[in-house]
Every structure is written in C-alpha cells, then in structure tokens.
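Below is one structure, written out as structure tokens, with a few remarks after it.
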Amino acid sequence: MNLSLIYFDFPFWRAEVSRIALNIGKIKFNDIRVDREEFMRARSSGKLDDGTIIPFNQLPCLKVNDESFAQTAGIARFCGKLSGLYPKDNDVAAARIDQFLDFITDITVLIFNAGRDLEPDKKIVKRKEFFETEFTRKFKMLEKNIPDNSDLIITDYFSIADIALWSFVGWTTSGAVDGFPKNFLKKYPNIKRVCDFVDEHPEMKKWGNDKQFKA
Ligand SMILES: N[C@@H](CCC(=O)N[C@@H](CS)C(=O)NCC(=O)O)C(=O)O
C-alpha cells in the first residue's frame, strides 16, 4: 500500500495525529508538505499541482494508492488502525475514541470562527471573550469526560485520541492562538495528566515531542 499524507509544513493536530500514528506504527508514508500558494490553488481546483485529487478541496488529505481521502478524523482512524492505535474489533473502545476526535474537531472550528471577519483590534477582544466563555465551557467538558486518575483517555490503551488531545492542547496553550493565554492547563488535571503521559511516552520522544506547538 502506498500512502501519502498531505498537509502544511507545521505540526497542527489535524495532520500531526496521523503523522505520529504512522511513525509509531513504523508504517512507511510520503509526508507531503504543501505551501500556502499551492494550497490556494488546490482549494479552488481540488487538485495539487501534481494532479493529486483533494476531496472537498480541504487538507489534510490521505492518498492510499490512487485514491484520495479527506477529513481529519477519518484519516486518523485509518492511520490508527494500521498502527495499532485504534481498535479494529472493539466498537465500544472505538466509539470512545471517536467522540474525542469529533469534539476536538468541533472546538477547532469554533476557534477558527471566533471573530473571523472582524478588524484586528475588535477580533482580539472577541477572541479573548471567546476564550473566557465558549472555549472554556468546551474545555471543561473535555476535562470532565477523561476518567479521573487515568493516564489515558481509554485506561490502558494508548490511542489516537490521546495523541490528538496532546497535539490540540499543545496548540491552544502555546500562545499561537490569538487572544488565548499560555499555559492555562494547570486548572485541568485530567487533560494535563494525559498530555504529560503522551509527552513522556518513549515513542513520542523518538518522534520528537518538541515538534508540538510549544509555549
Ligand atoms: N472537516 C475538515 C476540515 C478541514 C479544514 O477546514 N482544513 C482547512 C485547512 S487546516 C482547509 O482546508 N480549509 C479550506 C476550506 O475549508 O476551504 C477536517 O476535519 O479535516
């Protein structure tokens, strides 16, 4: 099977979760990084410059042999199954993982939409307000749904949900998101414990966990 994962050249969780999963699983893939100019062309044409189809004109995209697939969570599941980080025969565990991937996707969309069309000074005010209200409300829900005292989202099973959470949290706490303070994680012990566990995981160290967005 010939795999190519296509995204921008930065460690945003939407692609990073699958890059990391494939690396941990020692699955060979072409790690294709496009620049903004090529993405803008693909966004209007639905194809990369080399003719690769980009479904829905969005990234990330996973090409499997000659077929291209879109959607972060679906791609992560595909890569997770190949890598042993997503169950193939346990629908309950799979559903537990899925709800985290989809919820993190929902929050990501909210972040991008907050203050989107405003002038820069009004946008930053809106973003700060968004952080204090809607984002914090959602983040508390993430916290509540991680089992107390567990190092992982599914106790005893390291999965793409843990990697997605770690990468998402790295981004949102790094100061890279306008209007968000850095390092607000201390108020969220369950999320912090999972992120610390992922940080210390030997496979993550091999991958280079410093590639995460960092504060
Ligand atoms: N629902 C998609 C959204 C992907 C998405 O919005 N990707 C951005 C780049 S990070 C994009 O391609 N935006 C262009 C567009 O939506 O037209 C997913 O979860 O993968």
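One-based numbering, in listed order, for ligands and for the atoms of each. This chain uses plain numbering: 1 for the first residue, then up along the sequence.
- When hydrogens are left out, the protein atom nearest atom 16 (O) of ligand 1 is Gln58 NE2, 2.9 Å; that is the closest non-hydrogen contact.
- Counting heavy atoms under 4.0 Å from ligand 1, residue Tyr7 touches it through the side chain alone.
- Annotation: atom 5 (C) of ligand 1 to nearest protein heavy atom, Arg14 NH1, 3.3 Å.
- Some N or O of Gln71 is nearer than 3.5 Å to an N or O of ligand 1, by distance alone.
- At distances below 3.5 Å, not a single donor-acceptor pair connects side-chain atoms of Asn2 with backbone N or O atoms of Asn65.
- Of the possible polar contacts, none joining the Ser4 side chain to the Lys63 backbone as a donor-acceptor pair under 3.5 Å is found.
- Shown here is Asn113, whose CG atom has more than 12 heavy atoms of other residues, nucleotides or ligands within 6.0 Å.
- Nearest to atom 19 (O) of ligand 1 among the protein's heavy atoms is Thr72 OG1, 3.3 Å.
- Looking only at protein heavy atoms, the nearest one to atom 4 (C) of ligand 1 is Leu59 O, 3.4 Å.
- Nearest to atom 13 (N) of ligand 1 among the protein's heavy atoms is Phe39 CZ, 3.8 Å.
- Of the protein's non-hydrogen atoms, the one nearest atom 17 (O) of ligand 1 is Arg43 NE, 2.9 Å.
- No side-chain donor from either of Asn145 and Asn190 sits under 3.5 Å from a side-chain acceptor of the other.
- The aromatic ring centres of Trp171 and Phe112 sit less than 6.0 Å apart.
- Within the 3.5 Å criterion, the main-chain N or O of Asp49 finds a donor-acceptor partner in the side chain of Glu38.
- Ligand 1 has no N or O atom lying under 3.5 Å from any N or O atom of Phe12, backbone or side chain.
- Cluster membership check: Trp13 shares its hydrophobic cluster with Trp207, using side-chain heavy-atom separations under 4.5 Å among Ile, Leu, Val, Met, Phe, Trp and Tyr.
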